[in-house]
Enquirer: 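First, the structure itself, so that you have it in front of you.
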Protein chains: 2
Amino acid sequence: MAASIIDVAKRAEVSTATVSRALRGLPNVSAATRERVLRAAEELSYSVSPHASSLASGRTGTVGVVVPFVNRWFYSQVLAGIDSVLRAHDLDLLLYNLGDERVHERFFTRMPLRRRVDALIVLNLPLSAAESEALVSMEVPIAVLGSSIPGCWHVSIDNQEGASTAVRHLINLGHRRIGMITAAPGDPRGFTTPIVRQHAYRTVLAQAGIAYDPDLEVPGHLSIDEGASAMAQLLSLAEPPTAVFAESDHMAFGALRTLGRMGLTAPDDVSVIGFDDHETAELLDLTTIAQPVAHQGELLARQILDALSGGDEEPAQVVVPTRLVVRGTTGAAREHPPRYHSTPRPGPEPDQHSTTAR
Amino acid sequence: MAASIIDVAKRAEVSTATVSRALRGLPNVSAATRERVLRAAEELSYSVSPHASSLASGRTGTVGVVVPFVNRWFYSQVLAGIDSVLRAHDLDLLLYNLGDERVHERFFTRMPLRRRVDALIVLNLPLSAAESEALVSMEVPIAVLGSSIPGCWHVSIDNQEGASTAVRHLINLGHRRIGMITAAPGDPRGFTTPIVRQHAYRTVLAQAGIAYDPDLEVPGHLSIDEGASAMAQLLSLAEPPTAVFAESDHMAFGALRTLGRMGLTAPDDVSVIGFDDHETAELLDLTTIAQPVAHQGELLARQILDALSGGDEEPAQVVVPTRLVVRGTTGAAREHPPRYHSTPRPGPEPDQHSTTAR
DNA sequence: TGCTTCCATGCACACGTTTACAACGCGCCG
DNA sequence: CGGCGCGTTGTAAACGTGTGCATGGAAGCA
């Protein structure tokens, strides 16, 4: 049986109240008694019961983190950023992975984090209005990544600027026929990132005097395989693009794979630019828009810290910049782009793929 | 203010004891009253206070997961596996990321999980004897991945078999001069995986009648960059290997990068095999030893469930099999392997790299 | 009918802290 | 010399739930 505060009090010959104050470093306890208490606690190898403490004080010392997919690179990076800051302030991290649709639903009906956390961090989750409201009703500070909830703290990248930079990069290289592999189309819930990026894509094209062609926008659902299919679809057009902007590196990887399997090469045949600067983007020599991933996690955690300590300041919004990283998969447009009317080689076995330097 | 059990009791016109029993589905409560209680709770949108519940019952409904690096692919996958099982049983997941050495140390001096979790899952952590003992002293069931602690549950892959398979694959292709890029050498703590794999490598070579050459074993510290350096070192040997076994895919990626930068190709110049079947292994067409990653997480979580429910069975050990995945980076040995005495091209800018199909 | 058995329910305490409030001693100042 | 303020400590009441035990009543049985 672990020692309780009463045992410590007896051994130090003080009341439990004094023990509590001494251990938490409250000012109103004399140096001598504090010393005695600390020694007694040490000798009994005592540690406070977090549950009793929470119950009495109302504070839990815990922050809930809700993430759509822990096992994806992006979220695991953000999570690491969050963790590093929380840990430094002795806050615990209660993880909620909502990958499954059933789990997502269950989360919002049962609200298992209610009364369990001092604050909430929500990563990039498509939320319905009712769901946002349910979160707010927990009456704890909330920091949101990606989307936004009224009255909550907020961190995001400048998607408008990032996507514009990507498309401008391609235009500057001389490309006029530019495709986009987009994320999920028209999600009814409040997840605006794909919309903003798509808007930027269209706007920049328009500014460059390039006519809008809906055939050049193909959804890729953020996965490698879907990105590969999307690229195949683009290449099958009567007039295929000479450059493609994939709004995630994963989809860009898929696009590169399709190129390789068709015997094509980036950037010689098609230029490809991604978004994220995933760790393997460098390996594949992919030009991309980099965003500070772990850093965003740290910012979210810091906002929570502010909210928990300061208290009454109103929630702030932080926008972090993106950065163009030019690597080997984008290059100058050819004078006469070749026509590719071949179809991807089918077959279960892995095929070749390759990328070459600019 | 959130409703408490007393409010529910009043509204349902029963005692709090009955409310408690009804809500937890205990058998000894009549259907009629249970119905009344559930409705009252629903109307007040009541949810139990986890802290009060923990304090009273001694159970926390929480499992601590200690992981060295959340942001690495492997651990995030395992974490997802753990989460899926725990979630299905309404257990919360308290995450501890120990990446930093300071954090690691602090964790073991302060034991912040003590009295806070019902069980512990420890991922692949190099632990000193004192640290293992500290964990055991928490007196909760512990499931360990990779390493092993006496008296604890245990999941791991068959490293002996996996590594042997990798080396045999290379030998079967006709290779006689086979290098190995190893993980950290001689960690004084109880982390045996690299040792087992190295032993398998040496044993299989010996069984094939191939003389042991210490120059062919180079440490790569599990990172892409170090893996790249290791490959460079292997290629600079007077008699370089014709095939290389990297004991992690990350290091294999680095190895491929080095080959690419030197204008060499796998498997035409050097065959490369990795370990893990990382998600980008397929992209790079890397032959590798696959291990079921998320599945191991699920197994760990299930062990914990057994320990928490069953109770008195003694901890079991599960060994999951690995699987050879042949892709494009391994191929038959050449009759007369070329000599490469060039050094890697230096330079800050990214360089080409490529892989081709078998 | 009277006794036992069993189920449903209530009573009251325990769980281990935090914290408002009171009490106490001491020095200071009027 | 008395009162006042301040710093230190103790007292006791929450905090919200789980659970052993007692109670009451209905059903079963002789």
Side-chain angles (χ1 to χ4, degrees), chain A residues 1-38 40-41 44-62 90 92 111-118 139, chain B residues 1-38 40-41 44-62 90 92 111-118 139:
Chain A
M1 203 55 193
S4 89
I5 199 174
I6 303 182
D7 306 319
V8 180
K10 280 181 186 154
R11 181 175 262 257
E13 297 177 317
V14 291
S15 70
T16 62
T18 303
V19 173
S20 174
R21 288 186 280 247
L23 291 181
R24 282 178 301 150
L26 296 193
N28 50 349
V29 44
S30 75
T33 35
R34 162 162 301 146
E35 172 61 28
R36 257 206 336 280
V37 169
L38 288 180
L44 295 173
S45 75
Y46 163 81
S47 58
V48 309
S49 158
H51 300 292
S53 175
S54 302
L55 185 57
S57 70
R59 291 173 244 109
T60 69
T62 305
D90 280 326
D92 282 333
M111 282 283 133
L113 253 38
R114 163 172 294 174
R115 298 162 137 221
R116 193 141 178 33
V117 295
D118 289 340
E139 294 180 336
Chain B
M1 205 54 194
S4 89
I5 199 175
I6 302 181
D7 306 320
V8 180
K10 280 182 187 154
R11 180 175 263 258
E13 295 177 317
V14 291
S15 71
T16 61
T18 302
V19 173
S20 174
R21 289 187 277 249
L23 291 182
R24 281 177 304 148
L26 295 193
N28 49 349
V29 44
S30 75
T33 38
R34 163 161 301 145
E35 173 59 30
R36 256 207 337 279
V37 169
L38 288 181
L44 295 173
S45 73
Y46 163 80
S47 58
V48 310
S49 159
H51 300 292
S53 175
S54 302
L55 184 57
S57 70
R59 292 173 243 109
T60 69
T62 305
D90 281 326
D92 282 332
M111 282 284 132
L113 252 39
R114 162 171 294 173
R115 296 163 137 223
R116 195 142 178 30
V117 295
D118 289 340
E139 294 179 336

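The chains referred to below are lettered A, B, ... by the order of the sequence lines, with proteins before strands, and numbering in each begins at 1.
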Enquirer: Measure the shortest side-chain to side-chain distance between A:Val48 and A:Arg24 over non-hydrogen atoms and say whether it is less than 4.5 angstrom.
Expert: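 A:Val48 does not reach A:Arg24 side chain to side chain.
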
Enquirer: What's the spacing between A:Arg116 CZ and B:Thr62 OG1 if we round to 0.5 Å?
Expert: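 Spacing of CZ (A:Arg116) from OG1 (B:Thr62) equals 4.0 Å.
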
Enquirer: Using only atom types and a distance under 3.5 Å, with no angle test, would you say the side chain of A:Thr60 pairs donor to acceptor with the backbone of A:Asp118?
Expert: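 Checking the backbone N and O of A:Asp118 against the side chain of A:Thr60, a donor-acceptor pair under 3.5 Å is found.
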
Enquirer: Nearest whole angstrom, please: distance from the P of D:dA14 to the CD1 of B:Ile6.
Expert: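 It works out to 11 Å between those atoms.
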
Enquirer: At under 4.0 Å, does any side-chain N or O of B:Ser49 touch on OP1 or OP2 of D:dT17?
Expert: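 No, outside the criterion.
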
Enquirer: Can you confirm whether B:Val19 sits close enough to B:Val14 that some side-chain heavy atom of one is under 4.5 Å from a side-chain heavy atom of the other?
Expert: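 In contact.
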
Enquirer: How bent is the helix from C:dT1-D:dA30 to C:dG30-D:dC1, comparing axes over its five end pairs at each side, to the nearest 10°?
Expert: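 End axes: 50° apart.
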
Enquirer: Find the distance between OG1 (B:Thr16) and CZ (B:Arg21) and round it off to the nearest 0.5 Å.
Expert: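 Separation between the atoms: 8.5 Å.
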
Enquirer: Where each residue is assigned the nucleotide of DNA chain D containing its nearest heavy atom, which of B:His51 and B:Arg24 is assigned the position nearer the 5′ end?
Expert: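 Result of the comparison: B:His51.
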
Enquirer: Using whole Å, what does the distance between atom P of nucleotide C:dA8 and atom CD of B:Glu35 come to?
Expert: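 Checked: the CD to P distance equals 16 Å.
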
Enquirer: Can a donor-acceptor pair be found, under 3.5 Å and without considering hydrogens, that links the side chain of B:Arg115 to the backbone of A:Ser47?
Expert: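 Checked: pair present.
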
Enquirer: Any side-chain to backbone donor/acceptor pair from A:Arg34 onto A:Leu26? Under 3.5 Å, distance only.
Expert: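 Yes; judged by distance alone, with no hydrogens or angles, the pair exists.
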
Enquirer: From NZ of A:Lys10 over to C1' of D:dG10, roughly how many Å is that when rounded to an integer?
Expert: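 Distance, rounded to whole Å: 16 Å.
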
Enquirer: How close or far is atom P of C:dC15 from atom CG of A:Leu55, stated in whole angstroms?
Expert: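 Spelled out: CG on A:Leu55 to P on C:dC15 is 14 Å.
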
Enquirer: Can you name the atoms? Protein N/O to nucleotides 22-26 of chain D N/O, anything below 3.5 Å, with the distance.
Expert:
none

Enquirer: How close or far is atom P of C:dG16 from atom OH of A:Tyr46, stated in whole angstroms?
Expert: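 That distance rounds to 10 Å.
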
Enquirer: Output the rounded distance in Å from CD1 (A:Ile5) to P (C:dT18).
Expert: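 To the nearest whole Å, that distance equals 6 Å.
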
Enquirer: Dump the pairs, protein N or O against N or O of nucleotides 9-12 of chain C, anything under 3.5 Å, distances to one decimal.
Expert:
residue : atom : partner : partner atom : Å
C:dT9   : OP1  : B:Ser30 : OG           : 3.2
C:dT9   : OP1  : B:Thr33 : OG1          : 3.0
C:dT9   : OP2  : B:Ser30 : N            : 3.0
C:dT9   : OP2  : B:Thr33 : OG1          : 2.9
C:dG10  : OP2  : B:Ser15 : N            : 2.9
C:dG10  : OP2  : B:Ser15 : OG           : 3.0
C:dG10  : OP2  : B:Thr18 : OG1          : 2.6
C:dG10  : N7   : B:Arg21 : NH2          : 2.9
C:dG10  : O6   : B:Arg21 : NH1          : 3.4

Enquirer: With a cut-off of less than 4.0 Å, is there a side-chain N or O of A:Ser20 near OP1 or OP2 of C:dT17?
Expert: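 Result: no.
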
Enquirer: For residues A:Arg36 and A:Ala12, report the shortest heavy-atom separation together with the two atoms involved.
Expert: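 Closest approach of A:Arg36 to A:Ala12: NE-O, 2.9 Å.
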
Enquirer: On DNA chain C, check which nucleotide each of B:Ser57 and B:Ala31 is closest to and give me the residue with the more 5' one.
Expert: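 That would be B:Ala31.
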
Enquirer: Any sub-3.5 Å donor-acceptor pair from B:Ser54's side-chain atoms to B:Pro50's backbone N or O?
Expert: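 Yes: the side chain of B:Ser54 pairs with the backbone of B:Pro50.
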
Enquirer: Are the side chains of B:Ser20 and B:Ile5 in touch, meaning some heavy atoms are under 4.5 Å apart?
Expert: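 Yes - at least one pair of side-chain heavy atoms lies under 4.5 Å apart.
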
Enquirer: Assess the side chains of A:Ser45 and B:Arg114: does a donor N or O sit below 3.5 Å from an acceptor N or O?
Expert: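 No donor-acceptor contact under 3.5 Å links the two side chains.
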
